[in-house]
Amino acid sequence: MRARLAIKLHSLLEQHFPERRVFLKSDNDTRFIRLSSETQIFAVAGVALFVGWTAVTTAILLMDSIGSGNFREQAKRDQATYQERLNILSAERDVRAHEALMAQDRFNAALEQISAMQSELLASENSRRELETGIEVIQSTLRTTMKQRESARQELAALQQSDSDDGLTLANTASPEQMEFMAVALTRTAQERDQIAADARDALDQRDDLELEIRLMQERSDEIFRQLEEAMIISVEPLDKMFRQAGMPTDRIIEEVRRGYSGMGGPLTPISFSTRGEDLTPDEIRANTLLQQMDQLNLYRIAAEKAPFASPVKAAVRFTSGFGTRRDPKTGGRRMHNGSDFAGAHGTDIFATADGVVTHAGWQSGFGRLVKIRHAFGIETLYAHNTKLRVKVGQRVSRGDHIADMGNTGRSTGTHLHYEVRVNGKPVNPMTYIKAARNVF
């Protein structure tokens with residue numbers, strides 16, 4: 001049975017692939033190679049497989065080449081879009097920085113105006129008190145003058161009555177010397193009467209002038225009070241909003257600053273007008289309220305210097321990475337990024353964002369050359385990957401001091417600044433503070 005199947009299969013193959021012989025002739029000999037049907041089938045199958053494999057491989061290579069070209073073009077487009085977005089963000093940051101500088105100038109001008117208005121207010125209050133004292137003296141003099149004028153009138157009337165009743169007797173009995181004396185006395189009395197009347201009129205005129213001057217000064221004081229009150233609202237509200245947007249309770253912050261600055265003195269020291277046991281006048285109440293608001297504004301200003309509301313870099317930089325989780329380029333996993341990254345030129349100046357004390361200035365694994373600054377309110381700032389440090393441990397710095405130069409030390413893929421803000425040891429988003437201070441400083 002198997003032999004028959006083999007014979008039939010061989011016959012079928014012979015029909016399509018008959019046996020062939022390939023002759024190989026040389027100068028001395030002639031040989032041939034017999035190609036059976038099975039051999040031909042295997043050869044054709046091998047060639048077909050090779051051709052198919054070549055076609056599939058070529059198609060895969062062509063598709064991969066086309067796909068990689070598309071990927072490169074897409075990557076270029078994404079890179080161009082990213083660069084354009086970075087340029088827009090950089091321009092917006094420059095605009096915000098300019099607005100912050102303008103706001104700082106307005107804030108400083110408001111402080112100067114408030115100080116000048118305070119001095120003018122105190123001077124006007126002293127002038128008002130002097131005028132009130134002058135009015136009291138003039139009124140006392142006027143009352144005395146009016147009493148003297150009334151006495152002179154009564155004496156004159158008595159003299160005229162006596163002259164009318166006894167004129168004939170005096171004319172008959174008085175000597176010429178006595179008559180002359182009486183005439184001189186009457187003349188002098190009349191002159192004194194006229195002088196007293198003139199002094200009374202002058203005193204009344206002076207009183208009217210002083211009352212007008214006091215009314216004008218009162219209007220001027222009201223205007224000064226109004227301007228000061230408006231200046232307080234304009235100055236305090238943005239600062240209060242800035243602290244609240246940064247998540248800092250203003251009541252606790254102001255109380256902490258007040259405890260640290262409890263000494264007296266200075267242009268904005270709160271005072272109270274003494275009334276010697278008398279009730280406060282409306283102006284005195286208003287002035288004390290303004291002085292308290294000025295003291296609060298000064299406390300806000302001190303607190304703002306101690307919190308990291310400033311930007312650590314002032315040159316043109318790119319914001320390359322924010323606070324939060326991000327992909328690790330080495331492991332491919334997700335990890336927490338506890339700060340903000342600013343890429344810029346090598347050696348770019350880095351500045352302290354608030355007043356504080358340097359607690360670390362040296363190398364730290366992963367961070368490279370690192371600067372740590374401890375601030376008030378439990379806040380700490382970190383400046384990592386620097387190429388050169390400008391401060392030492394224990395050094396006290398102020399906001400805006402040059403503390404380091406931007407570099408690429410530690411675990412870093414390029415020149416940039418890694419900036420962190422920690423509150424009571426817990427990392428928070430640094431941009432919360434920087435954005436909260438926009439249009440304020």
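Under the 4.5 Å side-chain criterion, counting only non-hydrogen atoms from C-beta, Tyr433 is in contact with Val428. Looking only at side-chain heavy atoms (C-beta outward), Pro312 and Ile434 come within less than 4.5 Å of each other. For the pair Tyr383/Ile373, a side-chain contact is recorded, criterion being any heavy-atom separation below 4.5 Å from C-beta on. Within the 4.5 Å cutoff, no side-chain heavy atoms of Asn386 are placed close to those of Leu370. Taking the side chain as every heavy atom from C-beta outward, Val397 and Asp355 never approach each other to under 4.5 Å. By the 4.5 Å heavy-atom criterion applied to side chains, His385 and Leu417 are not counted as neighbours.
Residues satisfying the side-chain hydrogen bond (donor to acceptor under 3.5 Å, both in side chains) criterion with Asp401, sequence neighbours excluded, are absent altogether. Scored by the side-chain contact (heavy atoms from CB on, under 4.5 Å) test, Ala376 finds Lys306 as partners (sequence neighbours excluded). Qualifying side-chain contact (heavy atoms from CB on, under 4.5 Å) partners for Asp349, counting only residues two or more places apart in sequence or in other chains: Phe351, His402, Asp405. Checked against ring pair (Phe, Tyr, Trp, His ring centres under 6.0 Å), Phe323 has no partners two or more places apart in sequence or in another chain. Applying the side-chain contact (heavy atoms from CB on, under 4.5 Å) test to Ser311 and every residue at least two apart in sequence or in another chain returns Val313. Residues meeting the side-chain contact (heavy atoms from CB on, under 4.5 Å) test with Val44, sequence neighbours left out: Phe17. Taking Phe377 as the reference, nothing meets the ring pair (Phe, Tyr, Trp, His ring centres under 6.0 Å) condition, with sequence neighbours excluded. The ring pair (Phe, Tyr, Trp, His ring centres under 6.0 Å) search around His418 returns His337, Phe367, not counting sequence neighbours. Among residues two or more places apart in sequence or in another chain, the salt bridge (charged side-chain N to carboxylate O under 4.0 Å, His left out) test is passed with Glu92 by Arg96. Listed by chain and residue number, Arg326 satisfy the salt bridge (charged side-chain N to carboxylate O under 4.0 Å, His left out) test with Asp341 (two or more places apart in sequence, or in another chain).
If you take CG on Leu89 and CD on Glu84, they are separated by 11.0 Å, rounding to the nearest 0.5 Å.
What you find for Ala361 and Leu389 is that their closest heavy atoms are C-CD1, 3.5 Å. Here the closest non-hydrogen pair linking Ser340 and Phe319 is CB-CE1, 3.7 Å.
Residue pairs meeting the salt bridge (charged side-chain N to carboxylate O under 4.0 Å, His left out) criterion with at least one partner in residues 356-382, sequence neighbours excluded, are absent.
Using a 3.5 Å distance cut-off with no hydrogens or angles, the side chains of Thr381 and His375 do pair a donor with an acceptor. Side-chain contact check for Tyr419 and Thr353: at least one donor-acceptor pair (N or O, by modelled atom type) lies under 3.5 Å.
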Quiz: residues 50-58 side-chain donor-acceptor pairs under 3.5 angstrom, not counting sequence neighbours:
from	atom 1	to	atom 2	distance (Å)
Thr54	OG1	Phe50	O	2.7
Thr57	OG1	Trp53	O	2.8
Thr58	OG1	Thr54	O	2.7

